[in-house]
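Just so you know, residue 1 is the first one in the sequence shown, and it goes up from there. Whatever order the structure lists ligands and atoms in, that order sets their numbers, starting from 1.
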Amino acid sequence: MLVLVANLGSTSFKYRLFRMDENGGNDIAKGGYERVTDYAAVIEDALATLQRDGIIGSPDEIDAVGFKTVLGKDLSGCVIADQKVIDALEGFTAVAPAHNPPYAAGIRQFEKSLPKARLVALFETAFYQWISAASAHYAIPRAWRDIGIRRYGFHGASHKFIAERSAELCDRTDVAEIVRRLYLDGPQPVSGSALRVISCHLGGSSSVTGILNGVAIGTSMGFSPQSGLPQNNRVGDLDSGALPYAMRTLGISLDEAERQLTKESGLLGLSGVSNDIRDINAAAAQGNADAQLAIDALVHSIRHWIGAFNFELGGLDALVFTAGIGENGSDLRAAVCKNLEGFGILLDPDKNSACRASEAMISDDDSLVKIMVIPANEELVLAREVFRKLS
Ligand code: AMP
């Protein structure tokens with residue numbers, strides 16, 4: 001099955017073409033466009049390029065297109081991308097203004113450009129469909145809940161991949177199979193002992209998810225991607241009382257406050273240096289106290305959520321790091337795992353510092369909890385889910 005994964009940003013379009021079968025799959029082509037103003041033109045150009053380069057004989061050979069949609073109103077899961085997906089995306093444009101409009105436009109265009117292909121949307125919220133009501137709901141008035149304000153969670157494709165791969169690395173093929181079929185069959189009971197995993201997706205955007213027997217029980221991300229851990233330039237969790245106080249005291253409008261919370265906050269806001277942890281590390285090493293504070297606040301927040309899910313899961317079998325910072329940041333991983341021997345979490349410093357962006361077990365042989373680095377590959381995850389959905 002030929003699956004085209006379409007990654008649509010507010011001004012970009014990237015694609016990867018995968019050949020998938022029961023044993024997995026590989027990408028056979030990729031490309032992208034920046035500063036996009038006309039999605040129709042770049043999508044047509046991408047299809048023409050694939051044909052001209054001899055990757056496909058004709059666009060009709062593409063069996064399916066996968067979209068990593070972010071947040072839909074009253075809709076989640078891995079679903080056929082039809083009008084109801086477009087309606088759900090448009091229903092939450094105000095919450096995900098950078099993400100939802102390009103995906104709605106992209107789905108419409110692929111319906112025209114590839115009329116024979118099956119279109120599939122995998123919502124980033126899909127992995128959290130089964131979290132408890134207690135974990136999902138904020139203590140807000142009924143009218144706020146009725147307009148859809150609740151915890152949704154994001155990075156679902158990445159955390160679900162971690163759920164599957166960590167189960168394999170723990171020799172729990174039964175749980176890995178539950179994860180593979182999760183969007184087809186829903187959660188399933190396990191016959192052996194429970195498998196308890198905490199997945200830390202740490203990148204430009206970050207979140208921590210607790211996973212029991214392959215199913216998410218909770219996540220640090222809430223209603224919008226402006227929640228949870230300090231993000232690159234987005235705020236993360238903030239006391240709701242701070243917003244009206246800042247607006248009144250600084251004399252700024254709601255739009256300006258939103259701009260500052262989404263563009264000038266997070267690691268950038270705290271450090272005053274950069275939204276990239278590499279620059280912040282370099283500044284901290286030169287003695288910049290604000291840069292050090294940004295790193296410390298990120299580590300503190302990661303540990304806060306690990307602690308919460310460790311408790312909620314009743315213990316832990318595997319702690320996993322993934323995404324740009326999680327895969328590369330050995331110092332940050334060491335800071336996260338510091339002084340947790342009492343919880344059975346013991347890092348091997350040599351294995352940790354040797355690991356850079358490759359799959360590795362970095363725990364000490366005496367650690368009760370397996371500590372792992374698993375590289376993220378969200379496009380492949382999407383291609384797999386599309387293949388599973390359609391086969
Ligand atoms: P992602 O969103 O997963 O692509 O992660 C992007 C982030 O990963 C960047 O903003 C960097 O802060 C971080 N990153 C990438 N490479 C490295 C590296 N070699 N060391 C530390 N952090 C890195």
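The shortest N or O to N or O distance between Gly203 and ligand 1 is not under 3.5 Å. At a 3.5 angstrom cut-off on N or O pairs, Asn281 does not count as close to ligand 1. The shortest N or O to N or O distance between Ala323 and ligand 1 is not under 3.5 Å.
Screening Val85, Ile86, Val79 for a side-chain contact (heavy atoms from CB on, under 4.5 Å) involving Asp82 leaves a single residue, Val85.
With Tyr128 as the aromatic partner, Lys160 does not meet the cation-pi criteria of under 6.0 angstrom to the ring centre and within 45 degrees of the ring axis. For Lys73 and Phe92, the positive end sits near the middle of the six-membered ring, less than 6.0 Å away and at most 45° from its axis.
Between Asp364 and Lys370, no side-chain nitrogen of the basic residue sits less than 4.0 Å from a carboxylate oxygen of the acidic one, so the salt-bridge criterion is not met. Using a 4.0 Å cut-off between a side-chain N of Lys or Arg and a carboxylate O of Asp or Glu, Arg180 and Glu168 qualify as a salt bridge.
In this structure, the protein non-hydrogen atom closest to atom 11 (C) of ligand 1 is Asp276 OD1, 3.3 Å. Protein heavy atom nearest atom 22 (N) of ligand 1, with residue, atom name and distance: Ile277 CG2, 3.4 Å.
Under the 4.5 Å side-chain heavy-atom criterion for grouping Ile, Leu, Val, Met, Phe, Trp and Tyr, Tyr39 is connected to Leu50 within one hydrophobic cluster.
Checked by atom type, the side-chain pair Ser205/His155 shows a donor-acceptor distance below 3.5 Å.
The residue among His155, Arg278, Gln231 with a heavy atom at the shortest distance from atom 16 (N) of ligand 1 is Arg278. Comparing heavy-atom distances from atom 13 (C) of ligand 1 across Ile325, Asn328, Asn232, Asp331 singles out Ile325 as nearest.
The Gly324 neighbourhood of ligand 1 comprises atoms 1 (P), 3 (O), 5 (O), 8 (O), 13 (C), 14 (N), 23 (C), with distances under 4.0 Å to a heavy atom of that residue. Interface of Gly204 with ligand 1, defined as ligand atoms under 4.0 Å from a residue heavy atom, comprises 1 (P), 2 (O), 5 (O), 6 (C), 7 (C).
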